[in-house]
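In what follows, chains are A, B, ... by sequence order, proteins preceding strands, each numbered from 1. Atoms considered below: every heavy atom in the structure, side chains included; atoms not considered: hydrogens, waters and symmetry mates. All of these numbers come straight from a predicted model, not from anything done at the bench.
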Protein chains: 2
Amino acid sequence: MRADAQRNLDLVLGAAQECFAEGGVDVSVDEVARRAGVGHGTVFRRFPTKEALLDAVLSKELDRMLVFAQAGLAEADPWEGFAAFFRAAAESYAQNRALHEAKERCHELPQMPAIEHAARELVRRAQKAGVLREDLTPDDIGELVPVASRYPDVILDGLRGQPGVRGLRPEAGAGVRR
Amino acid sequence: MRADAQRNLDLVLGAAQECFAEGGVDVSVDEVARRAGVGHGTVFRRFPTKEALLDAVLSKELDRMLVFAQAGLAEADPWEGFAAFFRAAAESYAQNRALHEAKERCHELPQMPAIEHAARELVRRAQKAGVLREDLTPDDIGELVPVASRYPDVILDGLRGQPGVRGLRPEAGAGVRR
DNA sequence: GTTTTAACGGAGTTGTTACTCCGGTTGTGC
DNA sequence: GCACAACCGGAGTAACAACTCCGTTAAAAC
């Protein structure tokens with residue numbers, strides 16, 4: 001690969017990361033090209049469609065997410081391991097609008113099975129230890145991550161232990177609307 | 001107003017309500033007109049812009065929200081009053097994609113001050129009674145409403161009483177990332 | 001330094017969406 | 001029942017976004 005091609009590829013990827021994080025998936029390819037300082041023809045040669053460009057950016061984000069999940073599993077305490085991953089994932093969502101808006105796209109990407117496997121394990125371990133409410137599946141908790149991006153401790157308090165454990169709401173329901 | 005004009009206005013409003021609730025704000029005006037069974041010219045005579053149409057739909061939704069807030073205030077128990085409003089609002093968000101996507105637009109609408117006033121009162125009363133965590137402002141709680149649309153009880157458990165009250169997390173932080 | 005060859009970028013195409021306009025139609029006052 | 005005004009709806013416009021193409025430019029091999 002020629003030196004200028006490599007340099008421009010890096011510029012495009014960096015610009016796309018910034019644009020999609022700040023403006024969400026509806027930012028135009030022209031805008032990305034402008035920020036990268038290249039023509040949009042250059043963007044489309046590297047990435048045949050806008051979707052391919054978005055996938056590349058999301059993939060990098062998911063790589064980081066997988067690292068967080070594995071770090072959580074390495075933690076000895078079940079709650080701390082789960083909470084650490086949950087917070088880290090929420091932080092990622094908080095700093096990246098595209099992650100919110102392209103959730104289903106993420107599920108098509110190759111990193112996803114590994115992340116889901118690790119997340120399931122984190123949840124299973126915490127529930128077995130009795131520190132995570134059991135009326136939620138890993139999928140439910142996955143949906144709460146983006147939600148927790150601004151209020152992580154409120155959500156974590158809500159997830160802790162068992163539903164209604166504080167004894168204040170004996171009529172507490174399942175906690176999930178399906 | 002002529003009878004046919006009134007009938008078509010109702011059809012358009014109903015169709016817009018359904019379309020925006022199901023498909024979000026990006027549903028095209030053509031799609032709304034098609035569902036209403038009128039030409040899109042008819043839509044644009046009633047509502048000069050798509051935004052005006054959206055505002056009309058959101059207004060009706062906010063009217064319902066205000067009723068919920070006032071019903072919450074009429075409830076004697078501070079927690080039940082707060083929680084009832086919170087659940088009702090979450091339910092509305094769960095059933096209306098446009099409400100999620102046009103949050104800032106809602107704040108421009110005339111119903112908003114009254115809703116905010118009632119919500120502030122609900123929060124203040126619950127916090128004074130010690131049944132709602134005090135590290136959150138009414139605005140914070142407002143942001144949790146859409147979030148709670150699928151997991152109302154998880155969020156309500158998280159909001160109950162004081163942060164970390166279960167004694168499991170002495171290091172519990174503020175619960176809010178600003 | 002020359003030649004080759006890959007990469008660049010902007011003009012242009014296609015498709016979509018918000019919005020306008022006007023000829024035809026239909027409800028309503030007299 | 002008639003005239004007139006209001007209303008209807010679809011053809012047409014403007015703007016914008018994704019994507020293509022090709023003449024020009026510049027890197028790299030010798």
Side-chain angles (χ1 to χ4, degrees), chain A residues 1-59 97-98 100-102 104-106 108-109, chain B residues 1-59 97-106 108-109:
Chain A
M1 177 175 264
R2 252 167 64 170
D4 54 347
Q6 179 67 55
R7 193 189 62 235
N8 277 350
L9 180 60
D10 293 344
L11 285 173
V12 166
L13 267 176
Q17 142 70 30
E18 289 174 22
C19 284
F20 290 141
E22 291 170 18
V25 299
D26 282 345
V27 170
S28 71
V29 176
D30 280 49
E31 179 59 37
V32 173
R34 208 169 322 158
R35 179 166 325 198
V38 303
H40 67 236
T42 300
V43 177
F44 279 110
R45 196 165 339 91
R46 297 295 160 203
F47 305 96
T49 63
K50 179 183 180 178
E51 221 166 50
L53 175 60
L54 183 60
D55 282 356
V57 170
L58 292 176
S59 271
R97 261 185 76 177
H100 272 115
E101 295 173 18
E104 59 280 1
R105 187 91 210 130
C106 286
E108 312 289 320
L109 296 178
Chain B
M1 176 176 264
R2 253 166 65 171
D4 53 350
Q6 179 68 56
R7 192 189 61 236
N8 279 349
L9 180 60
D10 293 345
L11 284 173
V12 167
L13 268 177
Q17 143 71 30
E18 288 174 23
C19 285
F20 290 139
E22 291 169 19
V25 299
D26 282 344
V27 170
S28 72
V29 176
D30 280 48
E31 178 60 38
V32 173
R34 209 169 314 141
R35 181 167 324 199
V38 303
H40 67 232
T42 301
V43 177
F44 280 109
R45 196 164 340 92
R46 296 297 161 204
F47 304 96
T49 64
K50 179 184 181 178
E51 221 167 49
L53 176 60
L54 183 60
D55 281 356
V57 170
L58 293 176
S59 271
R97 263 184 75 176
L99 229 44
H100 272 117
E101 295 174 17
K103 217 187 307 176
E104 60 279 4
R105 186 93 210 126
C106 286
E108 313 288 318
L109 296 178

Scoring nucleotides 16-30 of chain D by protein non-hydrogen atoms under 4.0 Å (B base, S sugar-phosphate only, - none) yields --SBB------SS--
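For residues 7-21 of chain A, proximity to DNA chain D is found at no residue, defined as any non-hydrogen atom under 4.0 angstrom from a strand atom.
Distance check, rounded to the nearest 0.5 Å: CG of B/L54 to SG of B/C106 gives 8.0 Å. Going from atom SG of A/C19 over to atom CG of A/D30 covers 11.0 Å, rounded to the nearest 0.5 Å.
Listed by chain and number, the residues in a side chain to side chain donor-acceptor pair (under 3.5 Å) with A/D26 amount to none (sequence neighbours excluded). The side chain to side chain contact (heavy atoms under 4.5 Å, CB included) search around A/E101 returns A/V25, A/R97, not counting sequence neighbours.
Pairs passing the salt bridge (charged side-chain N to carboxylate O under 4.0 Å, His left out) check and including a residue from residues 11-23 of chain A, sequence neighbours excluded, read A/E18-A/R35, A/E22-A/R35. Identified under the side-chain hydrogen bond (donor to acceptor under 3.5 Å, both in side chains) test for residues 45-57 of chain B, with sequence neighbours left out: B/D55-B/R105.
Between the CZ atom of B/R46 and the C1' atom of D/dC8 there is a distance of 10 Å, given to the nearest Å.
Nearest heavy atom pair, residue B/V27 against residue B/F20, reads O-CE2, 4.0 Å.
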Indicate every side-chain donor-acceptor pair of residues 3-14 of chain A with a distance under 3.5 Å to a residue at least two apart or in another chain.
residue: A/D4; atom: OD1; partner: A/R2; partner atom: NE; Å: 3.3
residue: A/D4; atom: OD2; partner: A/R2; partner atom: NH2; Å: 3.0
residue: A/Q6; atom: NE2; partner: A/D10; partner atom: OD1; Å: 3.1

